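Before we start, here is the structure in question, set down as structure tokens.
These figures come from a predicted structure and were not determined experimentally. Chain naming here is simple, since letters A, B, ... match the order of the sequence lines and numbering starts at 1 in each.
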Amino acid sequence: WCKGWNKDRARDGKYPGVPFQGEKDWQKYEVARRLKDVVHTIRAQYRKDWKSKELKKQQRAVALYFIDKLALRAGNEKEEGETADTVGCCSLRVEHIQLHRRLDGQEHVVEFDFLGKDSIRYYNKVSVEKPVFENLQLFMKNKDPTDDLFDQLTTTFLNKHLQRLMDGLTAKVFRTYNASITLQEQLKALTNPEDNVAGKLLSYNRANRAVAILCNHQRSVPKTFARSMEVLQEKIDAKKKQVEEAQEGVKKAEDEFKETKDAKAEANVEKKKKLLKRLEEQLAKLNVQATDKEENKQIALGTSKLNYLDPRITVAWCKKFGIPIEKIYNKTQREKFAWAIDMAGEDFEF
DNA sequence: AATAAGGACTCAGAAACGTAGCG
DNA sequence: ACGCTACGTTTCTGAGTCCTTAT
């Protein structure tokens with residue numbers, strides 16, 4: 001009962017020393033927000049370090065660039081053989097990247113192909129800045145495919161460096177920071193105040209999706225995906241037909257009104273128009289659903305929503321556009337993010 | 001001072017579960 | 001009404017991060 005008392009009564013921040021519900025989470029996002037203030041100098045710093053005379057610093061600077069730009073994981077070394085052969089940034093091997101001086105009209109392209117956490121494949125082609133490209137060429141020189149790309153670098157060394165740049169900063173903070181800032185930017189860019197709730201929710205999902213893609217959160221295509229897509233398409237087709245019929249209905253009613261000019265016929269016109277409008281809205285909603293579903297085929301939104309996105313951004317967005325929070329967070333999630341729902345106003349900025 | 005071992009905590013996707021809506 | 005199914009939610013369990021401590 002003691003636990004229960006703690007949970008219900010004490011964990012609201014009123015009692016010093018008793019952590020409030022979600023405090024750990026809150027702290028995590030506060031660290032990420034502090035990174036926002038210094039990220040520019042950090043970027044300037046690693047740019048400079050690309051030109052460093054020390055190989056170790058060069059490697060650290062390029063790795064950090066990947067972690068920042070591509071939201072790669074740190075990549076600790078782990079015992080060989082015992083575990084699956086997966087890598088992160090610092091444990092990348094020569095065989096995991098290919099360099100293209102130009103590709104598809106872009107310059108200095110790095111092609112990544114490796115297995116990351118949980119053996120999820122990371123495949124990406126990225127145009128990088130010229131010094132990075134040249135550094136990579138240098139790091140790969142005279143090496144076998146199975147050699148470490150960053151042979152001078154460890155996660156410990158990298159994190160020590162980051163700790164010096166900002167209190168509490170580690171490699172994974174970049175993931176949190178970039179995920180949250182991307183959500184905020186995308187929401188700003190995609191939300192149209194004129195849209196109805198369904199349209200705004202689609203925008204939210206798209207912003208969420210941009211983050212999931214950045215963090216490489218994948219899922220296998222659900223077994224029932226093709227089937228349920230078909231069903232949805234059938235619904236759309238049926239609805240289209242209904243809309244057409246309703247259009248004819250309107251026309252018919254209008255013709256009748258022209259002939260008779262009586263009030264009853266006029267009321268009928270209004271009725272038919274209303275019906276048409278309702279059906280058109282339903283059709284639009286279905287189309288939105290279909291788009292959303294297709295775009296989401298292989299992307300898992302849950303992980304970023306739960307672990308990377310500062311919930312206050314979402315809460316603020318909901319408040320600003322009058323979206324009920326239940327449309328985004330289910331009951332469990334609302335409990336998890338209760339602190340944020342409580343804390344954030346519509347003008348919260350990450 | 002560098003490295004290894006261990007462990008707390010966080011993150012990852014999918015299987016299992018429950019239920020609302022459908023015919 | 002009644003079973004079915006598709007879907008959202010919860011649970012499960014393993015993987016990865018990063019810190020502390022021992023050597």
* To do: Give a yes/no answer on whether the side chain of Tyr308(A) brings an N or O atom under 4.0 Å of OP1 or OP2 in dA12(B).
  =>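 For dA12(B), OP1 or OP2 has a side-chain N or O of Tyr308(A) closer than 4.0 Å.
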* To do: Look at Lys172(A) and dT10(B) and indicate whether a side-chain polar atom (N or O) is within less than 4.0 Å of OP1 or OP2.
  =>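 Negative; the distance criterion is not met.
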* Asked: Below 4.0 angstrom from OP1 or OP2 of dC18(C), is there any side-chain N or O of Thr156(A)?
  ->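 No, outside the criterion.
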* To do: Check whether any side-chain N or O of Arg175(A) sits under 4.0 Å from OP1 or OP2 of dA12(B), and answer yes or no.
  =>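 For dA12(B), OP1 or OP2 has a side-chain N or O of Arg175(A) closer than 4.0 Å.
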* In a check of side chain to side chain donor-acceptor pair (under 3.5 Å) between Asp113(A) and each of Gln98(A), Arg121(A), His96(A), which one passes? ->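 One option only clears the test, and that one is Arg121(A).
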* OP1 or OP2 of dC18(C) under 4.0 Å from side-chain N/O of Thr155(A) ->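 For Thr155(A), the contact criterion (side-chain N or O under 4.0 Å from OP1 or OP2 of dC18(C)) is not met.
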* Think Thr86(A) has a side-chain N or O under 4.0 angstrom from the OP1 or OP2 of dA15(C)? ->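 Answer no for this pair, as no side-chain N or O of Thr86(A) is under 4.0 Å from OP1 or OP2.
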* Phosphate-side-chain proximity, Lys28(A) and dC11(B), N/O vs OP1/OP2 below 4.0 Å ->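 Result: yes.
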* Asked: dT9(C) phosphate, OP1 or OP2: any side-chain N/O from Asn330(A) under 4.0 angstrom?
  ->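 Checking dT9(C) against Asn330(A), a side-chain N or O does come within under 4.0 Å of OP1 or OP2.
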* salt_bridge(Lys264(A), Asp262(A)) N-O dist < 4.0 Å ->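 Here Lys264(A) does not pair with Asp262(A) in a salt bridge, since their nearest N and O are not under 4.0 Å apart.
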* Reckon Lys117(A) touches a base, only the sugar-phosphate, or nothing at all at heavy-atom distances under 4.0 Å? ->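 The residue Lys117(A) makes base contact.
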* To do: Return the nearest nucleotide to the side chain of Lys24(A); candidates are dT10(B), dC18(C), dC11(B).
  =>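 Looking only at side-chain atoms, Lys24(A) lies closest to dT10(B).
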* To do: State whether Asn76(A) places a side-chain N or O below 4.0 Å from either non-bridging phosphate oxygen (OP1 or OP2) of dG16(C).
  =>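 No, because none of the side-chain N or O atoms of Asn76(A) sits under 4.0 Å from OP1 or OP2 of dG16(C).
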* Asked: Any sub-3.5 Å donor-acceptor pair from Gln59(A)'s side-chain atoms to Gln152(A)'s backbone N or O?
  ->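 Yes.
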* To do: Output yes when at least one side-chain N/O atom of Lys293(A) is less than 4.0 Å from OP1 or OP2 of dC7(C), else no.
  =>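 Yes, within the criterion.
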* Phe139(A) vs Phe150(A) aromatic rings, parallel, tilted or perpendicular, using cut-offs 30° and 60°? ->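 Phe139(A) vs Phe150(A) ring planes: perpendicular.
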